[in-house]
Amino acid sequence: IKTYANAGVGVEETARVCVQLRDAAGNWSATVSDTIVYDTQAPVVSSFVLAGGSNLTTALTVTAEVVASGSPVLMRLSGACGSGSWEPFAGLRSVALSEGLNTRAVTLQDAAGNQSVCSTDSITVDSLGPTTPFVEINGGDAITNDTLLQLALSASGDDFVEVAEDVGFISILYSGASVATTSVTLLSAVDGVKTLYVRFLDAAGNTSAIGSDSIVLDTQAPVISGVVLDNGALYNTSIAGTIGVATSAQDLNGLSQMRVLLTSAGDCTGLGAQAPEAYVSSATKTYAGSGANKEESLRVCVSVSDVSGN
């Protein structure tokens, strides 16, 4: 047994052993030799990453990449240092993962049996989209006269939200971080049923199911076709000033309120200051300037609004 003078940790080189023999008469044989690789230098893992170094993925299978020096021939790739079986070294390997946080460990071994320090990398798998998507327009109102809409939004497990006027999410009204409320302006101002679609996304890019809500846009004012006083009479002789007012008005979505002004003035100034009341087509009103011995022209002014506020 001989001791190699260059021996030590971290040495990798070819050692040659030369031998001569001498007999009793002092004659030396020819020199014979052999070589052996002296290797106490373990492989070094300079880089070990899952999915290119990402810390989040939607995939349940990713690529593990190992960059190393020291001529590794075997590798042990498993869920923890010291576990798993040895297999031929490969710089790229497919790795199966599960939902949630995953850690993988790699150890390399060279032909001499030297093993590298164990290296690890972790990645989170998120392949499930947000759930329970919800959108509500204008607090649940059925109709509006404004293209500016107020939205209430919610989902579970979301980071981002998109709102659109089409189910294909081409006409995007809002796209950004998730919010509980926001306002959007309709791209189309044509009256009719307006449906908004919403989808939520998480940080991994998973998408929820699509939620939706609808509201009727009505920007057309009601039309008053006529006002008849006292069934068409030319004179009113009531000392109390009671006057029958019949109003003919139409609206596609229904009438809601009305204002009525009885005045001796030449125009309808002051009608807008009258308190709104529920719309009726026929009503009895009292003229505030009534009394005995009165003779004057009385003007009755009427305006109506529909259910959307026009």
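Both backbone and side-chain heavy atoms feed into the values below; hydrogens, waters and symmetry mates do not.
The CG atom of Leu173 sits 6.5 Å away from the CG atom of Leu186 when rounded to the nearest 0.5 Å. Going from atom OG of Ser238 over to atom NZ of Lys294 covers 12.5 Å, rounded to the nearest 0.5 Å. The structure places CG of Asp230 at 4.5 Å from CG of Asn236, a figure rounded to the nearest 0.5 Å. Atom OG1 of residue Thr63 and atom CZ of residue Arg93 lie 11.5 Å apart, to the nearest 0.5 angstrom. Considering OG of Ser214 and OH of Tyr197, their distance stands at 6.5 Å, rounded to 0.5 Å. The distance from the CG atom of Asn102 to the OG1 atom of Thr124 is 7.5 Å, given to the nearest 0.5 Å.
Counting heavy atoms from C-beta on, the side chains of Arg199 and Pro133 never come closer than 4.5 Å. Counting heavy atoms from C-beta on, the side chains of Ser47 and Glu65 never come closer than 4.5 Å. In this structure, the side chains of Val135 and Asp213 come closer than 4.5 Å at one or more pairs of heavy atoms. A heavy-atom distance below 4.5 Å is found between the side chains of Val245 and Thr247. Side-chain contact between Val106 and Arg76: absent, with no pair of heavy atoms (C-beta onward) separated by less than 4.5 Å. Counting heavy atoms from C-beta on, the side chains of Asn114 and Pro43 come closer than 4.5 Å. A 4.5 Å side-chain heavy-atom check between Asp218 and Thr144 finds every atom pair outside the cut-off.
Between the side chain of Arg299 and the main chain of Gly266, a donor-acceptor pair closer than 3.5 Å is present.
The two residues Glu99 and Ser127 have their closest heavy-atom pair at OE1-OG, 2.5 Å. Across Asp251 and Ala221, no two heavy atoms sit closer than the pair OD1-C, 4.0 Å. Considering all non-hydrogen atoms of both residues, Ala68 and Ser46 come closest at N-OG, 4.0 Å. For the residue pair Leu261 and Gly270, the shortest heavy atom distance occurs at CD2-C, 3.8 Å. In this structure, Gly79 and Ser83 approach most closely via the heavy-atom pair N-OG, 4.3 Å. Shortest non-hydrogen contact noted between Val198 and Phe169 is C-CZ, 3.8 Å.
Here Ala64 pairs with Phe48, Leu50, Leu77, Val95 under the side-chain contact (heavy atoms from CB on, under 4.5 Å) rule; sequence neighbours left out. Under the side-chain hydrogen bond (donor to acceptor under 3.5 Å, both in side chains) criterion, Thr269 pairs with Asp267, not counting sequence neighbours.
The closest side-chain donor-acceptor pair between Thr147 and Lys194, if any, does not fall under 3.5 angstrom. Using modelled atom types and a 3.5 Å distance limit, the side chains of Ser71 and Asp110 yield no donor-acceptor pair. Neither side chain, Thr284 nor Thr242, offers a donor N or O lying under 3.5 Å from an acceptor on the other. For the residue pair Ser308/Asn310, the side-chain donor-acceptor check at 3.5 Å is satisfied.
Under the 4.5 Å side-chain heavy-atom criterion for grouping Ile, Leu, Val, Met, Phe, Trp and Tyr, Leu229 is connected to Val304 within one hydrophobic cluster. Leu149 and Ile210 fall into different hydrophobic clusters, where Ile, Leu, Val, Met, Phe, Trp and Tyr side chains are chained together by heavy-atom contacts under 4.5 Å. Transitive grouping of hydrophobic side chains (ILVMFWY, heavy atoms separated by less than 4.5 Å) brings Ile143 and Val193 into a common cluster. Hydrophobic clustering places Val163 together with Leu187 (ILVMFWY residues linked when any side-chain heavy atoms are closer than 4.5 Å, directly or through intermediates). Val32 and Leu21 fall within the same hydrophobic cluster, where Ile, Leu, Val, Met, Phe, Trp and Tyr residues are linked whenever their side-chain heavy atoms come under 4.5 Å apart, directly or through other members.
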Show which side-chain atoms of residues 150-161 pair as donor or acceptor with protein atoms under 3.5 Å away, not counting sequence neighbours.
unit_1 : atom_1 : unit_2 : atom_2 : d
Asp158 : OD2    : Ser178 : OG     : 2.6
Asp159 : OD2    : Ala203 : N      : 2.8

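In this structure, Leu252 places its CG atom where only 12 or fewer heavy-atom neighbours from other residues, nucleotides or ligands lie under 6.0 Å away. Applying the 6.0 Å contact sphere to CG of Leu148 captures more than 12 heavy atoms from other residues, nucleotides or ligands.
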